> 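Can you keep this structure in mind? I'll have questions shortly.
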Amino acid sequence: MKNILKNRNTYIVLAIALILLGIGYYFSTPKLVEIMMKDVITQIDNNNLVLAKEKFEQAKCLNAFVAREYAKQLCDVGIRKNEEGNYNSVQEIISFVEQLSPAKDTEFSKKLIAQGKAKMKAGLYDKAITYFDIAIIFDSSIADVYLQKGKAILKENKNCEGIFNCDYSEVIKLMNNAIDLDNNLAEAYVYRGIAYHNTSDTAEMQTKSLEDFNKAITLNSNKEATAIAYCFTAIAYCFTAIAKFNEQDLNGFTNDRNIAMKLKREVGNITEYPKAFEHVNTAEHMMCALYDRCEFIH
């Protein structure tokens with residue numbers, strides 16, 4: 001009987017010890033994670049990405065739920081590094097935030113998109129992309145974020161060596177995402193069309209681009225997007241005429257060219273993309289040479 005009681009008391013003591021240990025672990029874990037996550041930020045500031053990754057993995061394994069609370073703090077550090085032009089650190093930080101799978105925060109995402117747009121207006125497309133990448137993590141259901149990131153990449157690619165040497169596959173993928181979320185987003189069709197147009201000079205790609213430009217024109221929901229669509233439609237007509245000489249469409253080209261110019265006058269200096277209309281001049285001269293007649297240029 002005494003042995004039974006003795007064994008029972010031993011189990012009780014062990015149970016109490018385990019409970020106390022669990023309570024201690026429960027209350028000490030957040031503090032440990034906090035220390036680790038702060039150390040992650042310190043190591044990033046010191047550009048020691050290897051040690052930062054090691055500390056991050058430890059914190060995540062210790063308590064991923066608690067570590068997730070530091071996602072926005074990591075975003076702040078990432079944005080700061082982005083402003084400094086330290087893109088290696090930025091990509092590592094974005095990877096950390098993705099692994100934490102933070103809760104959906106639409107307002108935070110929209111704030112980041114607005115900041116990214118401001119960077120685009122300043123011509124800082126590489127910095128803008130970082131804002132859009134982070135915004136996608138916090139809400140992947142906003143069509144505009146894919147549109148804006150695609151536009152930023154497209155504008156970055158304008159400095160490529162030769163128009164057909166650039167890789168537009170990512171732009172096309174992003175515009176597909178935007179259209180899947182909002183199939184009435186005229187700009188997404190316009191910029192996917194531009195990406196198709198710039199991908200290669202094959203008849204297939206030019207046909208795809210023309211389809212997207214015509215879709216944007218049909219939607220007619222964004223004056224600026226419609227104007228750009230008309231410009232590139234004029235070029236598409238030009239390429240079609242060259243590819244199919246026996247089916248030349250001078251009237252179609254002239255019609256779209258005139259509408260593009262009319263829209264240009266309406267949009268004026270408000271447009272963010274005044275250079276889009278320069279493509280019409282290029283197309284005009286190509287058509288002039290093709291038909292050996294230039295009276296339609298006025």
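The structure presented is a predicted model; accordingly, all values stated were derived computationally and were not measured.
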> Would you name the heavy atoms of D182 and A143 that are closest together and state the gap between them?
CB-CB, 3.9 Å
> Applying side chain to side chain contact (heavy atoms under 4.5 Å, CB included) between D139 and each of I142, I137, I136, report the one that passes.
I142
> Quick one: closest heavy-atom pair of A67 and A59, and the distance?
CB-O, 4.2 Å
> Does a side-chain heavy-atom distance below 4.5 Å link M36 with V40?
no
> Can you tell me how far CZ of R192 sits from NE2 of H197, rounded to the nearest 0.5 angstrom?
16.0 Å
> Do any N or O atoms from the side chain of R68 and from the backbone of S101 form a donor-acceptor pair under 3.5 angstrom?
yes
> Group every Ile, Leu, Val, Met, Phe, Trp and Tyr by side-chain heavy-atom contacts under 4.5 Å, then state whether L174 and I179 land in the same group.
no
> For A195, is there any backbone N or O sitting under 3.5 Å from a side-chain donor or acceptor partner on T199?
yes
> Are I194 and F213 side-chain neighbours, meaning at least one heavy-atom pair lies under 4.5 Å?
yes
> As an exercise, state the distance from NZ of K151 to NZ of K155, rounded to the nearest 0.5 Å.
6.5 Å
> Of the non-hydrogen atoms in A135 and S109, which two are nearest, and what is the gap between them?
O-OG, 2.8 Å
> For side-chain contact (heavy atoms from CB on, under 4.5 Å), just list the numbers for M120 and Q148, CA-CA rounded to whole Å, side-chain angles, deciding distance to a tenth of an Å, and then say yes or no.
CA-CA 9 Å; M120 286 184 66; Q148 298 304 328; 3.8 Å; yes
> Hey, quick one: are L181 and L219 part of the same hydrophobic cluster, counting side-chain heavy atoms closer than 4.5 Å, chains of contacts allowed?
no
> With a 4.5 Å cut-off on side-chain heavy atoms, are L49 and K53 touching?
no
> Compare all side-chain heavy atoms of I79 with those of I134 and state whether any distance is below 4.5 angstrom.
yes
> Output the distance between atom CD1 (I172) and atom CE (M205), rounded to the nearest 0.5 Å.
7.0 Å
> Could you go step by step and tell me if N82 and Y131 meet the side-chain contact (heavy atoms from CB on, under 4.5 Å) rule?
CA-CA 9 Å; N82 187 50; Y131 285 94; 3.7 Å; yes
> Counting N and O atoms only, with roles assigned by atom type, does the side chain of Y189 sit under 3.5 Å from a partner on the main chain of N184, one being a donor and the other an acceptor?
no
> Any chance you could lay out the side-chain contact (heavy atoms from CB on, under 4.5 Å) test for T207 and E211, step after step, and finish with the verdict?
CA-CA 6 Å; T207 298; E211 288 173 353; 3.8 Å; yes
> Pairing donors with acceptors under 3.5 angstrom, does anything connect the side chains of Q91 and S95?
no
> Mark yes when over 12 heavy atoms from residues, nucleotides or ligands other than Y87 sit less than 6.0 Å from its OH; otherwise mark no.
yes
> Please find the pair of heavy atoms, one from C75 and one from F138, that lie closest to each other, and give the distance.
SG-CE1, 3.5 Å
> Let's go through N198 and V171 carefully: what are the C-alpha distance in whole Å and the side-chain angles of both, what is the deciding distance for side-chain contact (heavy atoms from CB on, under 4.5 Å) to 0.1 Å, and is it a yes or a no?
CA-CA 11 Å; N198 292 350; V171 176; over 6 Å; no
> So, T218 side chain and N214 main chain: donor-acceptor pair closer than 3.5 Å or not?
yes
> When rounded to the nearest 0.5 angstrom, what distance separates CD1 in I93 from CG in N86?
8.0 Å
> With sequence neighbours excluded, give me every salt bridge (charged side-chain N to carboxylate O under 4.0 Å, His left out) pair touching residues 123-137.
D133-K149
> Looking at every heavy atom in both F56 and F96, which two are closest together, and how far apart are they?
CZ-O, 3.4 Å
> Could you note down all residue pairs passing salt bridge (charged side-chain N to carboxylate O under 4.0 Å, His left out) where residues 74-83 supplies at least one of them, sequence neighbours left out?
D45-R80, K81-E84, E83-K119
> Can you find a heavy atom in the side chain of L74 that is under 4.5 Å from one in the side chain of I41?
yes
> Please collect all salt bridge (charged side-chain N to carboxylate O under 4.0 Å, His left out) contacts where either partner lies in residues 54-65, sequence neighbours excluded, each pair once.
D39-K55, E57-K60
> Minimum heavy-atom separation for F132 to G116, with atom names?
CZ-C, 3.6 Å
> How many angstroms lie between atom NZ of K110 and atom CG of L112, to the nearest 0.5 angstrom?
12.5 Å
> At what distance, to the nearest 0.5 angstrom, does OH of Y70 lie from CG of L100?
11.5 Å
